[in-house]
There are 2 protein chains.
Amino acid sequence: MTKHTHDVSDLTKNQALVMNALSSANGPLSAYTILDELREHGFRAPLQVYRALDKLVEFGLVHRLESLNAFVACRHPSCEGESKEAVLFTICEKCGNVQELISESVVKSLKGLAEEIEFSLKESVIELRGICTDCKAA
Amino acid sequence: MTKHTHDVSDLTKNQALVMNALSSANGPLSAYTILDELREHGFRAPLQVYRALDKLVEFGLVHRLESLNAFVACRHPSCEGESKEAVLFTICEKCGNVQELISESVVKSLKGLAEEIEFSLKESVIELRGICTDCKAA
DNA sequence: ACAAATATGTAATAGTATTACAATAACAAT
DNA sequence: ATTGTTATTGTAATACTATTACATATTTGT
């Protein structure tokens, strides 16, 4: 890998297929859902999906939602690079809607805490579960 | 359930066995590891573990680590009640050590963010991945 | 004692992810 | 252009995590 940023043209065939499936979805997808969607494109085994996902996550183009065992395309064009400590998600437990955010104030308090306890922070998993605005209104 | 707090004497037989397995472990355990440890006490099926874990998590006596698919006994005596929005974990990717913390500053920024975007926060999943002090030293 | 609610036992199945091995394609350096 | 190297792909088998369904037993409240 010579470059440190990635766009679709950098991706291999399988990576591009998985990326496309996630980008055109309007929410998180499980690996096996992606597999089923890509069978018509020749996918036959879970590993084809997991390998592509591994790379896409590494590139910062895709995020894994730990509490959902699912994956979403990144909405922040700038997620590549050092933002693995900063991204957070809200997950509506009613409608399933997922929002991706970066909060400077959260990042700051998190990094402050890490420093305080001398923990060398590499990556943050922050998933806020609750009810979104729309569902509260309804 | 008439009371809102729980100690070991409130627990059923299976809940107490699972709680004890987690309490005497020095780190997170997977459900199936717990199952294996409790076979000698008569456990035979995953569901016996999962049902107990569900309750223990509900009581606030046990936390689930989403990024590890594992469970830990709560170290904060006060985790029962409204702290599901506040607890966070550091996970050392080298030695596997897990530390449970509550940071007022993190909680505050998180709640501030939730309010800002009108998200009704029920529960926070916060798992900080990195290298712990001991492993950095070594 | 009885009904209702809670807890348990067991089997089967569903969902998620990895290991192992073989083959192919991409690519840099001679 | 060939060779050696690395990255990617294909495929099968397996391991790990979690839930559904159904039967039985225990506890609790009246």
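In what follows, chains carry the letters A, B, and so on, assigned in the order in which the sequence lines appear, proteins first and then strands, with residues in each chain numbered from 1.
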Quiz item: Can you tell which of dT10(C), dG10(D), dT16(C) lies closest to the side chain of N14(A)?
Solution: dG10(D)

Exercise. Would you indicate, yes or no, if dT26(D) has its OP1 or OP2 atom less than 4.0 angstrom from a side-chain nitrogen or oxygen of K13(B)?
Key: no

Quiz item: From the list dG10(D), dT16(C), dT8(D), which nucleotide is the closest neighbour of the side chain of T12(A)?
Solution: dT8(D)

Exercise. Determine, stepwise, if the pair I91(A) / V125(B) fulfils side chain to side chain contact (heavy atoms under 4.5 Å, CB included).
Key: CA-CA 11 Å; I91(A) 300 171; V125(B) 173; over 6 Å; no

Quiz item: Where the side chain of R51(A) is concerned, which of dG9(C), dT8(D), dT11(D) is the nearest nucleotide?
Solution: dT11(D)

Quiz item: Going by an N to O cut-off under 4.0 Å, is there a salt bridge joining D36(B) and R39(B)?
Solution: yes

Self-check item: Phosphate OP1/OP2 of dT17(D) contacted by S30(B) side-chain N/O (<4.0 Å)
Solution: yes

Exercise. Would you kindly compare R44(B) and N69(B) by the position of their nearest DNA chain C nucleotide and give the one closer to the 5′ end?
Key: R44(B)

Quiz prompt | 5'-most by nearest nucleotide on DNA chain C - L47(B) or Y32(A) | solution = L47(B)

Practice problem: Test side chain to side chain contact (heavy atoms under 4.5 Å, CB included) on L101(A) and V106(A) and set out the steps. | Solution: CA-CA 10 Å; L101(A) 298 167; V106(A) 171; over 6 Å; no

Quiz item: To the nearest 0.5 Å, how far apart are CG in L128(B) and SG in C92(B)?
Solution: 12.5 Å

Quiz item: Does a nitrogen or oxygen in the side chain of Q48(B) sit under 4.0 Å from OP1 or OP2 of dT8(C)?
Solution: no

